[in-house]
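Data block below; observations after.
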Amino acid sequence: MRAITFRGIRELALEELPDPRILQPEDAIVAVELAAICGSDLHPYRGHEQGLERGTVLGHEFLGRVVAIGSGVRSLTLGTRVVAPFSTSCGSCRFCRAGLSARCTRGELFGWRESGRGLHGAQAELVRVPLADTTLLPVPATADPVEALFSGDILSTGTYVAELGGVEPESTVAVIGAGPVGLMACIAAREAGAARVYALDSIEERLDLARRFGAIPLDYRRPTTRTRIEDETDGAGVDCALECVGSPGATRLALDLLRPGGTLAAAGVHTEAHLAFSPGEAYDKNLTYRAGRCPARRLMDQTLALVAGRSLGLGAIVSHRVGLEGVIDAYRLFDERREGCTKVLIDPRS
Ligand SMILES: [Zn+2]
Ligand SMILES: [Zn+2]
C-alpha cells in the first residue's frame, strides 16, 4: 500500500509499504476513504513533540470501509463504513467506563510509534485497527462523510472543551483561537445553549468562519476587544474561556477574559514547562482550570449522532483536498499557514 511516513523534522515520504495484516483477533483492517491532517500532526513534524519513530505512518483522522476482520470481532462486518476516534479503546477498563476513553489502559494513538511499539496511522490506503469493536463506529447513512470524519477528532475535541468549560444555557463564552478545534468549540458552545460566544483570533478567514458558526468574531490584537467583552458581561468577564491554541499567550488571554469563579478549559496541547498564571492569580479569581486529551470515542456517541441528524456546515473549514501524492506539499502549506490552509482532507484513492 501507499502511505505517508515520518522521516524526521519537516521530512516526510510517500512510500510503498507492505499491507497491514490482522495481528490480533480483535483487529480490523480499514481501507481509508477519507483522512485529514490534524493540527497535532504538526507537533512531531515541527519537532515540538519528540520520540516519534522514523518510518511511522502518520495520521489519526480517518473514515473508510472494513476490508478484513479478526476472529474475535463481533459487531463489524466486511464492507461496513466506519469512522475512528484518534485512539483505540477497550470500552471496559476503569477509564473507559468513567468516560475517559482516551486514557484506556489498552488504548493507543493512531500514527504514533515509539521504541518499536504503537500504531501506524491513516494517511495511507489501509490502516490496522486493534480493539475494532469498541474503537470504530459505523457511519450513519444520513451523515455527511466529512462531518462524520470530524466527529472522530476536532468536533469531539471542541465538544469536550465546551464540556470541561461547563458551558450551559445562557453562558457567556470566549473561545481563544479559531483554528479547526476552536471553530468546533464555537459550534459546541452554541449547541450547549451559550448566550454569546466570542471567538478570538487574528486571522481573517478564521474569524469569518467563526461568524458563520454563530460566534462573535474578535481580533484579539485590538484594544477594543477586551473592553467590548467586559462591557457586554457587566464588567465581570465571561463565564467560560475555552483555550484552543496551546500557547502561554492564549492561556493568559483566557484567564484575563474570565470572570471571578469562571472556568478555563484547555484543549490546546502545551509544550511549555509552566502555566501562564500564578497560584495567587488563580486564587484571586477563584479559578477552575481543566485540561486533558479528549475522550473522543465517548464523545462520538453524541457528535456522530449530531451530524447524522443535520448538517452543521463543517465542510466550510476544508481549504484543501489532496490525494496521497499531494500530502507532503499540504503539510508544508499547513505548517507555514499559506494559501489560507485551515484543514486538509486526504482521499487516498484519488
Ligand atoms: Zn488530531
Ligand atoms: Zn479501556
Side-chain angles (χ1 to χ4, degrees), residues 4 6 24 26-27 32 34-46 48-49 52 56-63 72 75 83-112 118-124 127 129-137 146-161 177 179-185 188 244-246 266-271 291-301 303-304 314 317-318 327 330-331 334-335 341-346:
I4 300 295
F6 176 77
Q24 300 288 333
E26 298 156 299
D27 287 358
V32 180
L34 207 51
I37 304 178
C38 182
S40 63
D41 290 325
L42 290 180
H43 300 147
Y45 181 79
R46 290 171 169 166
H48 294 170
E49 201 174 0
L52 181 62
T56 302
V57 178
L58 290 171
H60 56 255
E61 295 179 79
F62 66 96
L63 175 151
S75 65
V83 58
F86 53 76
S87 66
T88 60
S89 54
C90 74
S92 56
C93 72
R94 61 182 287 204
F95 297 109
C96 282
R97 280 185 283 119
L100 276 182
S101 54
R103 298 295 168 201
C104 175
T105 54
R106 296 175 65 196
E108 297 173 289
L109 286 170
F110 289 103
W112 192 271
L119 291 183
H120 285 294
Q123 290 165 8
V127 57
V129 182
L131 304 173
D133 275 325
T134 45
T135 296
L136 297 170
L137 286 101
V146 173
E147 301 198 317
L149 175 74
F150 290 170
S151 79
D153 188 323
I154 56 174
L155 181 60
S156 286
T157 303
T159 303
Y160 186 55
V161 73
V181 169
L183 291 167
M184 299 303 117
C244 303
V245 179
V269 176
H270 289 264
T271 49
R293 181 183 286 161
C294 166
R297 177 59 188 81
R298 190 254 296 171
L299 267 301
M300 285 174 82
D301 289 335
T303 54
L304 193 55
L314 307 185
I317 75 162
V318 176
V327 172
Y331 264 90
F334 192 39
D335 177 30
C341 193
T342 308
K343 189 72 186 172
V344 179
L345 288 189
I346 302 165

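Order of listing sets the numbers, starting from 1, for every ligand and every atom in it.
- Residue E61 does not count as close to the Zn ion (ligand 1), with no N, O or S atom under 2.8 Å.
- Rounded to 10°, the angle that SG of C90 and SG of C93 form at the Zn ion (ligand 2) is 110°.
- Side chain of E108 to main chain of S87: no donor-acceptor pair is present (N/O by atom type, distance under 3.5 Å, no hydrogens or angles).
- Checked against the 6.0 Å centroid criterion, the rings of F62 and F110 qualify as a close aromatic pair.
- For D153, the N/O/S atom at the shortest distance from the Zn ion (ligand 1) is named OD2.
- Residues T135 and R297 come closest through the heavy atom pair O-CD, 3.3 Å.
- The backbone N or O of E49 lies less than 3.5 Å from no partner atom in the side chain of H43, so there is not a single donor-acceptor pair.
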